[in-house]
Student: 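Input: one structure, supplied below.
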Amino acid sequence: MKMNRVPHYLLALLLLAGCSKGEGPGLPDPLEEGNDWDIVIPSSKDQPGFGDTEGIPAGTPWQLPEGIEVVARPDKPFNPDLGLLHGSLNTFYADVNFINRLNVTVTVEIPGGLICLFKHEGRTQNGILTSTVRLQVPPTYADVSTPADTTTVYLGLGCLNYSMAFPWEENQQWDTQDYPIGKDMYEPGVVTTDPNIRKLLDLLKDYPKLRLTQHYNPQELFDEDYETPEWQLIYTLIQGALWEITDGPGLTRKDYRELVAALEPYK
């Protein structure tokens with residue numbers, strides 16, 4: 001299984017950003033006096049479900065509106081329609097399938113910080129949604145005897161476990177082989193309460209232009225002459241910062257400054 005090349009490659013791209021000021025409630029001031037190597041967002045690698053630490057991540061339950069359920073649809077083909085892709089980080093996608101048992105359309109909010117847990121055997125990444133998503137879910141049942149299809153969306157997620165496999169590594173199906181989708185591999189868990197990850201999410205919420213608008217083919221990452229497209233660099237940088245918190249020593253002042261500078265065009 002080709003697993004280790006990609007995360008190391010992604011993290012190397014942290015060197016591509018520059019420096020500038022960024023501010024926000026409860027966030028470090030990147031221009032505050034101090035050493036480049038000072039940790040400004042601490043590590044959470046010893047917390048359950050992060051890094052190499054076993055267990056279920058801590059958090060609060062995701063409360064679904066009345067009449068709404070999440071169900072599995074293992075045989076539903078992946079649909080690459082970009083209107084179905086949501087989120088602000090795209091290391092991989094997880095499909096979420098909704099049923100609405102009411103007779104009216106319901107607004108469903110998927111909160112930033114929702115952790116999606118790998119539900120099969122094996123050491124494969126858990127994922128986190130880095131921005132809040134709001135969806136309109138129409139009624140699933142037009143009448144008692146004629147059910148409509150589920151409302152299926154794809155959440156772009158960040159990885160929480162640097163040394164674990166990506167869900168798309170073994171994708172060979174006709175509908176998934178060219179996309180970073182972990183189809184029928186994840187179930188929504190809790191909304192993280194980890195204070196260190198929350199600090200990173202608080203920073204990212206001020207940049208609405210991070211909204212995903214393109215797919216990428218993860219298999220191309222293994223090509224010897226592969227070059228990361230310009231549009232993908234910011235997502236690589238964010239994933240690297242997230243891994244510094246979940247698997248590394250924490251985010252340094254230097255890395256924080258570089259991330260803030262790279263985010264500037266996405267306000």
Side-chain angles (χ1 to χ4, degrees), residues 48-50 55-122 124-161 166-168 171 173-176 179-194 197-198 201 205 211-212 215:
F50 299 158
I56 303 298
T60 58
W62 175 30
Q63 299 292 334
L64 288 168
E66 180 183 358
I68 301 295
E69 298 177 26
V70 172
V71 298
R73 287 294 306 277
D75 298 323
K76 186 172 185 176
F78 171 67
N79 185 343
D81 180 351
L82 286 166
L84 303 177
L85 178 61
H86 300 274
S88 58
L89 189 55
N90 62 352
T91 310
F92 71 91
Y93 311 154
D95 54 318
V96 183
N97 309 283
F98 295 98
I99 284 177
N100 177 1
R101 297 188 178 278
L102 303 181
N103 293 322
V104 295
T105 296
V106 175
T107 299
V108 175
E109 180 174 289
I110 311 176
L114 178 70
I115 293 177
C116 293
L117 300 172
F118 186 70
K119 65 181 183 179
H120 302 295
E121 295 294 328
T124 297
Q125 303 268 356
N126 292 323
I128 188 168
L129 182 68
T130 54
S131 61
T132 297
V133 171
R134 293 177 179 85
L135 307 168
Q136 298 298 309
V137 180
T140 303
Y141 298 95
D143 55 53
V144 174
S145 61
T146 310
D149 199 355
T150 55
T151 297
T152 297
V153 298
Y154 305 99
L155 301 181
L157 305 177
C159 288
L160 296 174
N161 315 89
F166 294 105
W168 44 257
N171 276 354
Q173 297 85 357
W174 66 269
D175 60 322
T176 62
Y179 300 94
I181 174 72
K183 189 176 73 172
D184 192 42
M185 295 184 186
Y186 288 87
E187 56 188 5
V190 297
V191 181
T192 185
T193 52
D194 181 82
I197 292 181
R198 296 296 334 174
L201 300 186
K205 70 182 181 181
R211 168 75 168 85
L212 300 175
H215 292 300

Student: Could you check whether N97 and T152, counting side-chain N and O atoms only, form a donor-acceptor pair closer than 3.5 Å?
Tutor: yes

Student: Using every non-hydrogen atom in the two residues, find where L85 and G156 come nearest and quote the distance to one decimal.
Tutor: CD1-N, 4.3 Å

Student: Let's go through F78 and Y154 carefully: what are the C-alpha distance in whole Å and the side-chain angles of both, what is the deciding distance for ring pair (Phe, Tyr, Trp, His ring centres under 6.0 Å) to 0.1 Å, and is it a yes or a no?
Tutor: CA-CA 9 Å; F78 171 67; Y154 305 99; 4.7 Å; yes

Student: Could you grab the distance from atom CZ of F92 to atom CD1 of I181, nearest 0.5 Å is fine?
Tutor: 9.0 Å

Student: So, the side chain of H215 versus the backbone of Y179: is there a donor-acceptor pair under 3.5 Å, distance only?
Tutor: no

Student: Which distance, rounded to the nearest 0.5 Å, do you find between the OG1 of T193 and the CZ of R198?
Tutor: 8.5 Å

Student: Checking the side chain of Q125 only, and the main-chain atoms of N161 only, is there a donor and an acceptor separated by less than 3.5 Å?
Tutor: yes

Student: Looking only at heavy atoms, which two atoms of Y186 and P167 are closest? And how far apart?
Tutor: OH-CG, 3.5 Å

Student: Using the rule given for side chain to side chain contact (heavy atoms under 4.5 Å, CB included), can you reason through L157 versus C116, listing the C-alpha separation, both sets of side-chain angles and the distance that settles it, and then say yes or no?
Tutor: CA-CA 8 Å; L157 305 177; C116 293; 3.8 Å; yes

Student: If the condition is side chain to side chain contact (heavy atoms under 4.5 Å, CB included), which residues does Q173 pass it with, not counting sequence neighbours?
Tutor: N171, D175, T176

Student: Once you round to the nearest 0.5 Å, how far does CD1 of I128 lie from SG of C159?
Tutor: 11.0 Å

Student: Looking only at non-hydrogen atoms, find the nearest pair between F166 and T124 and report the distance.
Tutor: C-CG2, 4.1 Å

Student: Under 4.0 Å between a Lys/Arg side-chain N and an Asp/Glu carboxylate O for D184 and K119?
Tutor: yes

Student: What's the spacing between I99 CD1 and D149 CG if we round to 0.5 Å?
Tutor: 9.5 Å

Student: What is the distance from atom OG1 of T150 to atom CZ of R73, rounded to the nearest 0.5 Å?
Tutor: 4.0 Å

Student: Looking at every non-hydrogen atom in both residues, tell me the closest pair between P188 and L114 and how far apart they are.
Tutor: CB-CD2, 4.2 Å

Student: Tell me which donor-acceptor pairs under 3.5 Å the side chains of residues 129-136 have, and how far apart each pair is, sequence neighbours excluded?
Tutor:
unit_1	atom_1	unit_2	atom_2	d
T130	OG1	S88	OG	2.8
S131	OG	S88	OG	3.1
T132	OG1	G112	N	3.1
R134	NE	E109	OE1	3.0
R134	NH2	E109	OE1	3.0
Q136	OE1	T107	OG1	3.3
Q136	NE2	T107	OG1	2.8

Student: Search all heavy atoms of P74 against all heavy atoms of A72 and return the closest pair with its distance.
Tutor: CD-C, 3.6 Å

Student: To the nearest 0.5 Å, what is the distance between OG1 on T192 and CG on L201?
Tutor: 7.5 Å

Student: Would you say the side chain of P48 lies within less than 4.5 Å of the side chain of I56, judging by non-hydrogen atoms?
Tutor: no

Student: So, do P65 and V108 sit near enough that their side-chain heavy atoms are less than 4.5 Å apart?
Tutor: yes

Student: Side chain to side chain contact (heavy atoms under 4.5 Å, CB included) between V71 and F98: does it pass, once the steps are laid out?
Tutor: CA-CA 6 Å; V71 298; F98 295 98; over 6 Å; no

Student: Specify whether H120 and F118 have parallel, tilted or perpendicular ring planes, treating 30° as the upper limit for parallel and 60° as the lower limit for perpendicular.
Tutor: perpendicular

Student: Under 3.5 Å, is there a donor-acceptor pair between the side chain of T140 and the main chain of N100?
Tutor: yes

Student: If you compare all heavy atoms of I115 against all heavy atoms of P57, which two are closest, and at what distance to 0.1 Å?
Tutor: CD1-CB, 3.5 Å

